[in-house]
There are 2 protein chains.
Amino acid sequence: MPQPPDPNIFQKHNHRSCRSSGMKEARAFCKAQGLRLTPVRARVLEILLESHKALGAYDILARLKEDNLGSQPPVVYRALEFLVGNGFAHKLERLNAFAACCQPDAAHEPMFLICQNCRKVAETPLQPIGREIDRAAADLGFAVVSRMVEVTGTCPTCQAGT
Amino acid sequence: MPQPPDPNIFQKHNHRSCRSSGMKEARAFCKAQGLRLTPVRARVLEILLESHKALGAYDILARLKEDNLGSQPPVVYRALEFLVGNGFAHKLERLNAFAACCQPDAAHEPMFLICQNCRKVAETPLQPIGREIDRAAADLGFAVVSRMVEVTGTCPTCQAGT
DNA sequence: GCCTGTGTTGTTATAACATTACATTACCTA
DNA sequence: TAGGTAATGTAATGTTATAACAACACAGGC
């Protein structure tokens with residue numbers, strides 16, 4: 001079973017292109033699915049893609065205001081709901097924050113690696129660990145609906161910076 | 001390596017004794033460690049043990065008020081900080097809520113099974129899954145500090161209740 | 001063209017979760 | 001029993017998130 005290429009955002013990469021390709025993929029996906037990537041939604045996704053970092057809803061809202069795209073909390077929460085619901089972004093429960101998804105495709109189920117120092121967030125496939133989790137749950141008679149794995153620690157860059 | 005017995009709170013059990021033994025263990029542990037299980041802290045732990053459920057800080061606070069033990073948020077948050085810090089309770093990040101720990105011992109590292117229907121929370125050992133998580137993180141050069149696994153779904157009782 | 005339904009956005013208000021800061025009290029111990 | 005440390009009381013505020021409803025935008029049928 002071929003895994004998709006696993007973009008390690010902790011490695012040096014051409015961020016400008018990674019960001020614009022993220023937007024391009026999103027637009028294509030929305031067109032294909034009949035989803036509307038409106039200006040607010042597109043801008044929120046762009047803001048998230050710009051940093052690879054976990055951003056709070058109110059941080060995002062502040063940037064939207066600068067662009068005169070909505071100024072009240074529901075604006076950003078609705079956009080985030082759309083992005084998360086369609087796989088373009090994820091919520092990081094530990095931080096009450098949001099990050100863009102690196103591989104917006106419905107099927108993937110990631111675990112998250114959150115750098116405590118710089119707040120950068122990487123995704124890596126949860127499988128096959130997810131199946132182990134399901135097995136452990138089944139041992140207690142628990143029927144799994146969704147799994148959340150969030151790991152905190154230090155990213156390679158911040159380790160090097162000592 | 002003998003695992004500790006894994007109390008499955010989803011199974012029928014003598015809850016009154018499970019609750020009082022929880023308090024007894026906590027008192028013994030505090031005595032041994034020179035920790036002060038003050039009235040507020042003890043009552044918060046008791047409230048958590050009473051339900052096996054995830055309770056929000058303000059739910060707990062409401063019950064404290066009934067007992068005339070503090071009425072302002074810092075009271076409950078300080079008690080929770082003590083309980084979580086010393087392994088008597090856990091925070092469930094997904095719910096912004098708290099639950100009593102079933103095996104208050106420093107070494108254990110649990111994953112959580114949260115019933116979406118009744119909010120009951122069970123713990124089960126994270127190992128050996130934790131080591132798999134560490135390996136996946138190491139593949140990206142990430143140094144793990146802490147792991148969080150929270151699974152939502154349906155507990156056996158709620159499955160049966162259809 | 002224009003009506004109508006559905007989806008999106010604007011706006012106000014408020015709910016829910018959490019912390020800061022400082023005053024006061026309790027407890028230990030020397 | 002004086003003095004230090006830990007815990008609690010209290011007011012104020014900060015942060016995260018949603019409810020409710022009005023206004024607008026766009027697509028499809030007439």
Side-chain angles (χ1 to χ4, degrees), chain A residues 26-27 30-31 33-48 53-86 88-99 114 119 148 150, chain B residues 26-27 30-48 53-86 88-99 114 119 150:
Chain A
R27 286 188 201 288
C30 284
K31 196 157 190 178
Q33 302 288 313
L35 300 169
R36 292 173 55 189
L37 193 62
T38 61
V40 175
R41 292 168 177 177
R43 183 64 189 127
V44 171
L45 179 54
E46 206 169 42
I47 289 166
L48 290 173
K53 292 187 187 181
L55 296 178
Y58 283 73
D59 297 333
I60 298 168
L61 182 56
R63 302 209 200 172
L64 283 182
K65 272 186 199 165
E66 290 171 10
D67 301 357
N68 287 307
L69 286 167
S71 61
Q72 300 300 325
V75 173
V76 69
Y77 279 102
R78 284 189 290 228
L80 288 166
E81 184 184 19
F82 171 87
L83 295 172
V84 169
N86 291 291
F88 301 121
H90 298 288
K91 177 164 191 186
L92 299 157
E93 301 286 350
R94 252 184 156 166
L95 302 176
N96 293 318
F98 299 84
I114 306 166
R119 269 176 90 99
M148 187 192 51
E150 290 180 15
Chain B
R27 284 187 202 290
C30 285
K31 195 158 194 178
Q33 303 288 314
L35 300 169
R36 292 172 55 190
L37 193 63
T38 62
V40 175
R41 292 167 177 177
R43 183 64 189 127
V44 171
L45 178 54
E46 207 169 41
I47 289 166
L48 290 174
K53 293 188 187 181
L55 295 178
Y58 282 72
D59 296 333
I60 298 167
L61 183 56
R63 302 208 200 174
L64 283 181
K65 271 184 199 165
E66 290 171 9
D67 301 358
N68 288 307
L69 286 167
S71 61
Q72 300 297 326
V75 173
V76 68
Y77 280 103
R78 284 189 291 230
L80 288 167
E81 185 183 18
F82 171 87
L83 294 173
V84 171
N86 291 292
F88 300 120
H90 298 288
K91 177 164 190 186
L92 299 157
E93 302 287 350
R94 251 182 158 170
L95 301 176
N96 294 318
F98 300 84
I114 306 166
R119 268 176 91 101
E150 290 179 15

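- R119(B) places no side-chain N or O within 3.5 Å of a backbone atom of K53(B) that could act as its donor or acceptor partner.
- Of all heavy-atom pairs spanning L45(B) and L83(B), the tightest one is N-CD1, 3.8 Å.
- Between L35(A) and Q72(B), the residue anchored closer to the 5' end of DNA chain C is L35(A), taking for each the nucleotide with the nearest heavy atom.
- Note that the first and last nucleotides of DNA chain C, 5' to 3', having any atom under 4.0 angstrom from a heavy atom of chain A are dT8(C) to dT12(C).
- Of the residues near DNA chain D, R41(B) and N96(B), the one whose nearest nucleotide (by heavy atom distance) lies more toward the 5' end is R41(B).
- E150(A) places a side-chain N or O within 3.5 Å of a backbone atom of E93(A) that can act as its donor or acceptor partner.
- Remark: P of dT15(D) and CG of L55(A) are 16 Å apart, rounded to the nearest angstrom.
- For the pair K91(A) and V75(B), nearest-nucleotide mapping onto DNA chain D gives the more 5' position to V75(B).
- When every heavy atom of A97(A) is checked against every heavy atom of G56(A), the shortest pair comes out as CB-N, 4.1 Å.
- E81(B) has no carboxylate O lying under 4.0 Å from a charged side-chain N of R78(B), or vice versa, which leaves the two without a salt bridge.
- For DNA chain D, the neighbouring residues in residues 57-71 of chain A, judged by any heavy atom under 4.0 Å, are Y58(A).
- Here the closest non-hydrogen pair linking L37(B) and C30(B) is CB-SG, 3.9 Å.
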Given salt bridge (charged side-chain N to carboxylate O under 4.0 Å, His left out), test R63(B) with E66(B) step by step and report yes or no. CA-CA 5 Å; R63(B) 302 208 200 174; E66(B) 290 171 9; over 6 Å; no

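- As rounded to whole Å, 15 Å separates atom P of dA23(D) from atom CZ of R78(A).
- Pairing each heavy atom of A79(A) with each of V44(A), the nearest pair is CB-CG2, 3.8 Å.
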